[in-house]
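Remember, predicted model here, so these are calculated numbers, not experimental data. In what follows, chains are A, B, ... by sequence order, proteins preceding strands, each numbered from 1.
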Protein chains: 2
Amino acid sequence: MMDHPSSSTETVAETAAETAAAWRARYGTDLGPAEGLAALDAPLRQMLAHRSVRAYRDQAVDDRLLEGAVAAAQSASTSSNLQLWSVIAVRDAGTRARLAELAGGQAHVAQAPLFLAWVLDLSRLRRLGRAQGVPTGGLDYLEGFVLGAVDVSLAAQNAAVSFERNGLGLVYIGGMRNHPEAVAELLGLPPAAMVLFGMCVGYPEPAELPPVKPRLPQAAVLHRERYDSGAEADIIAAYDAIFTGSDSARARGARPWSHGAVHRMRGPEALSGRDRLRQALHALGFPLA
Amino acid sequence: MMDHPSSSTETVAETAAETAAAWRARYGTDLGPAEGLAALDAPLRQMLAHRSVRAYRDQAVDDRLLEGAVAAAQSASTSSNLQLWSVIAVRDAGTRARLAELAGGQAHVAQAPLFLAWVLDLSRLRRLGRAQGVPTGGLDYLEGFVLGAVDVSLAAQNAAVSFERNGLGLVYIGGMRNHPEAVAELLGLPPAAMVLFGMCVGYPEPAELPPVKPRLPQAAVLHRERYDSGAEADIIAAYDAIFTGSDSARARGARPWSHGAVHRMRGPEALSGRDRLRQALHALGFPLA
């Protein structure tokens, strides 16, 4: 699945061809005359080639690879160095089976040899404040939640890059927010901590490796100087055509992206219980003032 | 600043020594007998060596590097492929100067040749829903905001890795949340879109490259099977000593981490106006139901 590091024997022409192929898989369009991008190196092509992996070989993930990924995660930016996150490495099959249920019956959570619960963790500073006899009321605002949500997301993505660099595959599990209180209790979280998302990690089963999923054209997401959605309807129509024609969508008989995405957010009944996330967070010790 | 890709002439011993050095800079401790980690390759050592860069050479960032970073960003995981984010590339000096003010007077926002405003963008699906005559009420819940916050954070971190891989430096700017409405107006955002954070990008000024900032020991953030803060007090005391002794903290005369971090979250008066983030989001079209 993963590219290998560039070696001195790799020619410029080979690099350009590989980059063009990675670009085509991601966008469904030709790279065009972007000479600079031909110099994208193997690690960047690897990011371009990301796909969510939900089927794993029966092979454990070495603890050294986990520690390397956590080191990458801790090296990501963190607001004011507050480090408002933790991660719980779950290998126990019983716990993974229960988490799979809580996520809405996602079998890959039970199947993956390693499951990471990424914790938005305001509890550490609360404990420190209590020990010092100093208030930490700033954590009680929505801003405290946002600081933690960004911190843990940046960290997790560095870990994801590290895992993929080492030949592992992964998928994020937003279903941890379907039943946040039950997840918190199962994993022994203190108040002011919650699992923002999970991550299944394992060696991809080659026969079940999904195709790369095309994303929106850059023109739809990259704006210059000011936000401009003037050409958006045409851009998204073009994307709908690329998307429905892709291996990824054809394998699932997917409807056009713009219809599927809107349908996914049609109302609270489509949120798998997450329409009560605010109440759940209140119960878990996040006032969100 | 950045490592170069491993070449076939790099010996295993050199790799191990470089990894140990990167580890020591990040944690202030020896790597120890973690044989597997000696195999960390150059891209992973580069992530370990991240530091926030706030002083830049007078050299523009080529558009091809921006497009490469956006391709990396779009290749990050996105919940249900909803792609709930946009990014605005700001090169205009006047806009950057105004953003620097809005961020609380951060001169590097005005000095960096490229500023990226990372937008938590629920407006695209709202527009599509309106065009289709279909409701998108799911976006109005706190869950919609969380989906977008995670999406844009994962995307931005892939871009960060891509930029650093190409020799650029960067710093995230949470100060975009000090005055969210003014930032949204300046950049022409529609309702249901907000700049979650910014990112200054440029070539680092070598004379002003800050040292790597030590992070908490892994034992403080990495839990096994269940959350366990039993040994936390001792672990953080050890980190406080490493932190205050680090080049990063000594240059600023920083107090122990545990005291500085708690002080930072002491109450609403320390949040630079972000204690009203919830009200600001309501005004920007995020009901957060």
Side-chain angles (χ1 to χ4, degrees), chain A residues 5-8 34 36-37 40 43-44 47-48 50 64 68 70 72 74-75 77 79-80 82-83 86 88 92 128-129 134 136-139 141-143 149-150 153-154 157-158 172 174 187-189 215-216 218 221-223 225-227 258 261-262 264-267 270-271 274-275 277-278, chain B residues 5-8 34 36-37 43-44 47-48 50 64 68 70 72 74-75 77 79-80 82-83 86 88 92 128-129 134-139 141-143 149-150 153-154 157-158 162 172 174 187-189 215-216 218 221-223 225-227 258 261-262 264-265 267 270-271 274-275 277-278:
Chain A
S6 296
S7 77
S8 52
L37 281 175
L40 275 183
L44 298 182
M47 285 197 283
L48 226 64
H50 164 79
R64 298 291 88 75
V70 171
Q74 289 194 264
S75 299
S77 294
S79 187
S80 303
L82 295 178
Q83 309 180 61
S86 294
I88 305 174
D92 179 77
L128 291 172
V134 174
T136 53
L139 294 169
Y141 288 80
L142 178 62
E143 169 66 10
V150 174
S153 299
L154 303 186
Q157 187 54 22
N158 259 17
Y172 281 86
L187 299 178
L189 297 192
R215 298 278 196 249
L216 285 163
Q218 289 211 352
V221 301
L222 173 58
H223 305 253
E225 305 303 337
R226 282 173 62 86
Y227 194 96
S258 63
V262 165
R264 178 76 184 72
M265 299 308 285
R266 64 193 179 277
L271 296 184
R274 299 186 214 169
D275 52 308
L277 181 61
R278 193 161 60 93
Chain B
S6 295
S7 78
S8 52
L37 282 175
L44 298 182
M47 284 197 282
L48 227 62
H50 164 78
R64 298 292 89 73
V70 171
Q74 289 193 266
S75 300
S77 293
S79 187
S80 303
L82 295 178
Q83 309 180 61
S86 294
I88 305 174
D92 179 76
L128 290 172
V134 174
T136 53
L139 294 170
Y141 289 80
L142 178 62
E143 169 65 10
V150 174
S153 299
L154 303 186
Q157 187 54 22
N158 260 17
S162 172
Y172 281 87
L187 299 178
L189 296 192
R215 297 278 198 249
L216 285 164
Q218 289 210 352
V221 302
L222 173 58
H223 305 253
E225 304 304 337
R226 282 173 62 86
Y227 194 95
S258 62
V262 165
R264 178 77 183 72
M265 299 309 283
L271 295 184
R274 299 187 216 167
D275 52 308
L277 181 62
R278 193 161 59 94

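Between A:Ser86 atom OG and B:His223 atom NE2 the span is 3.5 Å, to the nearest 0.5 Å. Taking CG of A:Leu222 as the reference point, atom CG of A:Leu216 lies at 12.0 Å (rounded to 0.5 Å). Atom-to-atom distance recorded for B:Tyr172:OH and B:Gln157:CD is 4.0 Å, nearest 0.5 angstrom.
Of the atoms belonging to A:Arg215, heavy atoms from both backbone and side chain fall under 4.5 Å from chain B. Proximity to chain B is limited to the side chain of A:Leu271, based on heavy atoms less than 4.5 angstrom apart. With a 4.5 angstrom heavy-atom cutoff, B:Ala261 touches chain A via backbone and side-chain atoms both. For A:Ala72, the parts lying near chain B are the backbone and the side chain together; criterion is any non-hydrogen pair under 4.5 Å. With a threshold of 4.5 angstrom between heavy atoms, A:Tyr227 approaches chain B through its backbone and through its side chain. Heavy atoms closer than 4.5 Å to chain A are found in the side chain of B:Ser80, but not in its backbone.
When the salt bridge (charged side-chain N to carboxylate O under 4.0 Å, His left out) test is applied to B:Arg226, no partner is found at least two apart in sequence or on another chain. In this structure B:Arg274 satisfies the salt bridge (charged side-chain N to carboxylate O under 4.0 Å, His left out) test together with A:Glu143, sequence neighbours excluded.
Shortest non-hydrogen contact noted between B:Leu142 and A:Arg278 is CD2-CA, 3.8 Å. A:His50 and B:Ser75 make their closest contact through CD2-O, 3.2 Å (heavy atoms, listed as atom of the first residue, atom of the second, distance).
Counting heavy-atom pairs closer than 4.5 Å to chain A, the top-ranked of the candidates B:Leu189, B:Val134, B:Thr136 is B:Thr136. Heavy-atom pairs under 4.5 Å with chain B were tallied for A:Ser258, A:Gly174, A:Ala270; the largest tally goes to A:Ser258. Taking chain A as the reference chain and counting heavy-atom pairs below 4.5 Å, the highest number among B:Asp92, B:Val150, B:Leu139, B:Val262 is found for B:Val262. Heavy-atom pairs under 4.5 Å with chain B were tallied for A:Leu187, A:Leu154, A:Leu277; the largest tally goes to A:Leu154.
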